[in-house]
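Structure record follows, encoded as structure tokens.
Throughout, a chain's letter reflects where its sequence line sits, starting with A, and its residues are numbered from 1. All values derive from a computational prediction rather than experimental measurement.
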Amino acid sequence: MGLVGIATEKILSSFSVFLFLSILLLAVARRISTSVLLFSLQSAVITAEVLATAYQEKLAGVYVVGLLVFAIKVVAIPRAFFLLTKRLKTVRDVKASTTPTQSVFITVAMIYLSYAAVHSYGQAVHVPDDALAAAVSLILTGAFLMVSRKKALMQVLGLLVLENGIFLAALLTTFGMPLVIEIGIFFDILMGLLLMGIFTFRISDTFEHLDVSKLRKLRG
Amino acid sequence: MLLLLPIAIPVLGAGLILCFRNPRVATRAALLLGALEIGALGAVVWQVHVRSELQQGRYLRADGLSSFFLMGIAFISGLVLVYASGYLRHMGEGRFSSPRWFYALVFLFLFTMISVCLSANLGFLWIMMEGTTLASALLVGFYNTEGAVEAGWKYLVVCTVGIAFALFGTIVLYLAAVKAGMSPAAALDWVSLMDAAPRIGLDPHLVKLAFVFVIVGYGTKVGFVPMHSWLPDAHAEAPTPISALLSAVLLNCAMYAVMRYDAIVSRAVGPAFPHTLLLIFGVVSMVVAGLLILVQRNLKRLMAYSSIEHMGIIAIGLGLGGPLGLFGALLHAFNHSVAKSLLFFSAGNVRHHVGTLRMDGIQGISRTMPQTSAALLVGGLAIVGLPPFSLFISEFAILSEAFTQARYFVVILFLVILSVVFGGFAFHFFRMLCGEPDRHVENSRLIPSEYIAMGIAGLSLLFFGARIPYLFGLLLHEAMAVLQ
Amino acid sequence: MLTGSIGAPFAFLLAVLGIVVPLLLIASRAKSVQRLAIALILAASFAGCLVAVFGFRRQPGTVVDLSRATPFPFSFDVDRLSALFLLLVCSVAIPVTMFAAPYFDRHYSEQRRNWTWAFFSLFLLSMIVVVTASTGFAFLAGWELMTLVSAGLILIEGESAERRHNVFIYLLMMHAGAAAVAACFFLFLPFSHSLDFGAIRAAGAIVPPGIRTAVFLLAFVGFGAKAGIIPLHLWLPRAHPIAPSPVSALMSGVMLKTAVYGFVRFSFDFLGGGPAWWGYVVLLAGAVSGLLGVLYAIGEHDLKRLLAYHSVENIGIIYLGLGTSLIFLACHAPLLAALALIAALLHTFNHALFKSLLFLGAGAISSATATVDLEDLGGLQSRMPVTGTAFLIACCSIVGLPLFNGFISEWLTFRSFLAGSALTNAKAQIVLPLMVGVLALIGGLAAACFVKAFGVAFLGRPRSTEAEHAVEVPLPMRSGMALLAAACLFIGILPGLFLRPLASLVQGLIPGAGVPEETLSIARIMPWIAVIVLGTGAFAALFKRRKRMARTWACGLPGLSTRMQYTSTVFSKPIRFVFARIYRPDRTVERLPVDQPYFPASISYRSVRTTSYERALYRPFVDLIVSLAHRLRRLQTGNIQVYLLYIFLALVSLLAFLRFQR
Amino acid sequence: MNITADILQVLALILGAPLVRGIIARMKAVLQRRRGASIWRPYAELFKLLRKEDLVPPTSSAVFRLAPIVLFGATACTAAFVPLVHASALLGSYGDFFLLVYLLALGRFFLSLGALDGGSAFGGMGASREALVSSLAEAPFLLGLVALAISASRADIAGIVAWTLGQNIFNISVVHILAFTSLAMVALAETGRMPVDNPATHLELTMIHEGMVLEYSGPSLALIEWASAIKLHVMLALLIALFCPWGMVSTWSGLGITLAVLLYCAKAAVLMILLSVIESAVAKLRMYLVPDFLGVASAVSALAVIFTMWVRR
């Protein structure tokens, strides 16, 4: 089995705990920079799991996908975020609409919910429960972040966490879709981020603030 | 090879137009490209009619249903380009907001929508659907005013979240297919999925879960009620040709995607589950949008809510399913897009000449702007589903199907909401069209491009109301055959 | 495509009215083109009459079938019932068109006149389509087109805020009514699988009772809204008076009858009668509409509103006949049911004749004196003799006096009530004879109202300078009115000619019904009555010798001023005093300045007589919907976080729905 | 054979009408301890008026002169329906009571128009009050007759009379009593007798029928007076025929006829005495109490109709 085999076995079974950790920390993060850092950590964990699966299932395509994830989500996106926060010179505070304690409670509830959901579908897909639960809780927390954070950048981050969750769920259950489709999806995510960046610049130009909850002119 | 043409032209065209600095040249180039594009689409539609399906590699395929929607895209994009050529004469020369950027983005937008209709692979379909959001987000925020930026941001974020759920739905369906023994390459291909559907249906829960995510995901793009909030802002703030494209074509493409999934899932786990969901969303959208029409103050937001209501009607048609229901739904998709584009064109004219879109500020335009108010009247009468126009036919078909299946709850709501919407439109249009015009609005006549665009739309509404052309009827029935 | 002998003229009728005339008028504005259009409309109406008369005798079968062209089956069939109503539409159209030619020339500018004529011919076409359609799709298309075109005709006249509000109410109610009518057709679909009248008629027997009741109630509400039954009559006194007179003549005289046609087609032809309570519902509606309609009419001093309310009253009388017929059908007395139905259909035809004549008279008055307010008219009989005489004949007919056509149908309705006593069913035996009292009261009040209308408008001295200088209307207008007046007299004196075909028509609708004996006895005696009355009158006229002018006696005062005459408000005061509870007029007396009540600078008194249905019945319902809409509007808060929350909630609720469904 | 009898009956009815008014006037005078004019005065009055010239207001139209003619024609026509001595009338078997009532309505309609055409306040006042009274009187009039028609299960007047002839005198049913009361009250209102309208008055504020004919003179006035006399006689004959026709003969034998005529005169005399007693004893009702008077009449006639259901069983 070799050292690598044991390592991949370990990664797949136990790394989901790091994902739960990153989610909880994201919930309590006060500043954008820490949130971005947590996001890149999270993506690194996912890259590890991708490569582990690739090794176990002997699928060349999944390796490429793993490298892609690493390149984009661990390196490129955090750097873009830091560039953005520097250029926009806005207050670095996350400005959540729920207090940290409430956020933690909600995130824990999310994790419990994902376990309940996965349990009913889990055996149909004979995949390690906690890994799939991590993926689903990533999705739910991403959604919660988007709803609770007032900052435009934090909403983008919430979206990325959501996409991470979906990507992980896809990977665990189906060992990745045909390569062309995966690449297409990544390309779309990148373009989406680019556009959100453009719009963030526009918002900060026209509104002098990045508080999304103040964008309320269009009503009724 | 022919299938590559309709995709290549807009992409290359977009690049080409970018390098025409002079707005007039850009407009003429855009019109030329538009004509080429319509020609290519026409060729594809004719080939599909002759050979019933065209396959190009693993990702592009055109069958009866896609050719019906392609024809819709061709017709409406033609109208929009003609109208836009006149509309853009009063657009400034900002860094990003100049005619060449406008046309480039429009053609990108057309490229994504055409490829949605031509995609054979569900993953490819998702990618291109996400592409439509990205292409149109910039177009919605084109004017760079406060409202446009806010609308653009909301449109981008809400639709991307929706599309993400659709991706998860696609993955779950892919999982179910792979579990049922299909090879990974074929598991996303629509035709093989349709053939293997009964096998996939053995484990119904995954398929149902997939359809729930898909209908919430693509439903956000269609504008079903709980997920509709982005639609009124986007359509009201976008420039008029774009809101016409959004309302008339983009919503139909999203509905096209929902139809594709509905076909697979109803073949896998039986039509009961998907059709009930479609009916629920259809009725809820129709009721809520119909009521909201009563209290709107902005003309374009009124049109946006009317689009949500008509998407609800199409969903009800699909949800009912029978031969007449499907016929009504598809016909309604086409009729609605024509009527809605006519309404948006006239709304654009009103905004330009009266200066505001707030309906209490618009007064007695039937005297100051006779042709535009005539177009607005024709559009209004059509959108409310009155006899001489074509929407009456499709609503008549959907109602017949609903009564044949004795779904009285749906029918009662359907008829009540039709009357409420008629009341809302009559109230708003009476106030705008009649009464004394305020002084400073000078009389205006239509310029030729607007004349052609509105004229063609109005005439086709009347013509389709009296008699459905033979060829169009054939296309319609081929599209229905695909879904049966 | 065109089957049977009458296919060709019918197609000519449709083509001319539908395509040729509107296109001609839109194309050019020349005077000659407009005259050609009018001639074409007259020719088409005449062809329509021919088709109706020939259609009566032939076996029913599709006359014109356009189904291959239209998306849904679209064909026409002139069976006996359609033939009667087609005759009604076309025979009224001829005099109205003759009247309208000079009327529109006088009232409208060049461009409006062409549009009015185009809509006029489309209006006729839509009514012809409604009465002769033989598929659901054609009927509904004609039905909605009729409303749209009539609203268009009203709006061409002017766009004041009050007129817009009335047309808005008119369109809203008609659309709701059309929705109910559409539902009636569609309810048959599960059983007839097609909307063709033949299939619906066949399916009528196998429809379960629950659906039958639903169809009947929807038909009653849908067609009742168009006919103007009391709770649904809100639009009628608002829409008819503001339309140009020839159009309101067509609307009041003919359009209301298409609703009666629809109701008869559904309750007798498709459903073939039902339980007895159907009849009582219709009877009650007829009685209420009749009584309240005539009482509101008495309170009016605007001639056209008065006539509009009288349409409500006459529709009430028609529904009384229909209700009685339904009761007889339920009590298995086909002969009596036939009598009641003949009474109702004859009154429909009579009402079309004299109501359109009355509105044409009002149009003549308004074109001669530019006002239809009774308070400013007077003494028009000596200035406009032909209009006056025609209006007098119409007044006598609508009141139902012998020698005029109104009496024949009211007499038949009375006799069908009386025949009700012979029934074995206890309830009908009491209710129907008592209905005689109700109809008699309606007739009496109608007499009072039309004495006021004709007396104040045409007799006595002119109350305003316009009335003073009124001059007779041109020849075509007079000939139009004379034609209708002659028709009223003809049916009044020789009803036999009309009752026999009606009896055969009704035998088709009600199986097992013979020719009621009453129709024969009235046909025999009316000529004799005419002879005696006219003979005695002529004998009495012999005594009249020289005539000498002498000023009216004014109790010795120097001379009577026109203000000493009874005006319409004063004339109706006793009756309004007696029925005060029904009117509940809200009076407002305002004294200025308010703080010194005893030294008022000015006192203004204003009383609105008719009870406001809009405030009592419709306003709360509309406010409910608008408040619901406002509450929904608050859902669109503008905050993106809330929008995302909506999506997640939708997703979670669907997943929960999926979870529990398993 | 009986055609001539019927025509004679009609002529008797029309020509005898002024006599009836004369007798009533005479009886009232005697009751009020006055001598009173001779019973033939109405005839003299008619001949006087017929010889005079017709005064017409200059502003009135042709309807002013047409009204009396139509009134007289219509009222004379009603005379053809009522049998006096012979069980069948000229139009008795064809026409029914609806026709009779509405012929009276035709006459009233034209009289009201004539009144309005005069152009004076009194004409308008008379017409407006006549409109109120007659519109409220029609319902009980018809309901009363309908009650009789139902109990006789025949619609034409001759048929009802023939049916009543066949009944025994003494088993008077409650329907007949109620119907007689309501028809008597309606007759008072229709002919403009005391409780509703004072025929002899010239006090403007109280008169209804007189108000309408204030403008008329000469032959027009004669025709109007004659027509109202005919209406009074027709109502009288109708009450007699419908409620106690016994004594009428069906065959045209000399003895029978004289007996019938005598009996008819006796019955008429009884009713005339009753009428003049009412006219002398009762004061005129205030204008807005007349609707209650007629309301009572309609309630009574409606009750009669309802009772027909039980009587026949």
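Chain C forms more heavy-atom pairs under 4.5 Å with one residue of D/Ala127, D/Pro140, D/Ser60 than with any other, namely D/Ala127. By number of non-hydrogen pairs under 4.5 angstrom with chain D, the leading residue of C/Gly379, C/Gly443, C/Ser382, C/Ala440 is C/Ala440. Contacts with chain C were tallied for D/Ser128, D/Gly73, D/Ala131, D/Gly123; D/Ser128 has the most, counting heavy-atom pairs under 4.5 Å. Ranking C/Leu380, C/Thr567, C/Leu434 against chain D, the residue ahead of the rest is C/Leu434, based on heavy-atom pairs under 4.5 Å. Comparing C/Arg415, C/Lys573, C/Arg383 by heavy-atom pairs within less than 4.5 Å of chain D, the highest count is held by C/Arg415. The greatest number of non-hydrogen atom pairs below 4.5 Å with chain D, out of C/Glu410, C/Glu518, C/Met549, is found for C/Met549.
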**Report entry** Worked check of side-chain contact (heavy atoms from CB on, under 4.5 Å) between D/Asp54 and C/Arg548
**Finding:** CA-CA 6 Å; D/Asp54 206 344; C/Arg548 191 158 65 85; over 6 Å; no
**Report entry** Step-by-step side-chain contact (heavy atoms from CB on, under 4.5 Å) determination, D/Leu113 to C/Leu392
**Finding:** CA-CA 10 Å; D/Leu113 289 184; C/Leu392 178 61; 3.4 Å; yes
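For a residue to count as touching a neighbouring chain, one of its non-hydrogen atoms must lie under 4.5 Å from one of that chain's; by this rule D/Ala302 touches chain C with backbone and side chain alike. Heavy atoms of D/Leu55 lying under 4.5 Å from chain C belong to its backbone as well as its side chain. Looking at D/Tyr288, only its side chain comes within 4.5 Å of chain C, counting heavy atoms on both sides. D/Leu99 touches chain C through backbone and side chain together, each having a heavy atom under 4.5 Å away. Heavy atoms closer than 4.5 Å to chain C are found in the side chain of D/Val63, but not in its backbone. Using a 4.5 Å cut-off between heavy atoms, D/Ser134 makes no contact with chain C at all. Using a 4.5 Å cut-off between heavy atoms, D/Pro291 touches chain C through its side chain atoms alone. Residue C/Ile525 touches chain D through its side chain alone, counting heavy-atom pairs closer than 4.5 Å. Of the two parts of D/Ser220, the backbone and the side chain both hold a non-hydrogen atom closer than 4.5 Å to a non-hydrogen atom of chain C.
For CZ of C/Phe539, the number of neighbouring non-hydrogen atoms (other residues, nucleotides, ligands) closer than 6.0 Å is 12 at most. Residue C/Trp528 qualifies as open at atom CH2: its count of foreign heavy atoms under 6.0 Å is 12 or below.
For the residue pair C/Ile529 and D/Cys77, the shortest heavy atom distance occurs at CD1-SG, 4.0 Å. Across every non-hydrogen atom of C/Leu445 and D/Ser135, the tightest pair is N-CB, 3.7 Å. Closest approach of D/Ala139 and C/Gly437 over heavy atoms only: CB-O, 3.7 Å. Nearest approach of D/Phe109 to C/Cys395, heavy atoms of both residues: CZ-CB, 4.2 Å. Here the closest non-hydrogen pair linking D/Phe72 and C/Ala540 is CD2-CB, 3.8 Å. Shortest non-hydrogen contact noted between C/Val451 and D/Leu116 is O-CD1, 3.7 Å.
Between D/Phe98 and C/Phe414, the angle of the ring planes stays under 30°, which puts this pair in the parallel group of the 30/60° scheme.
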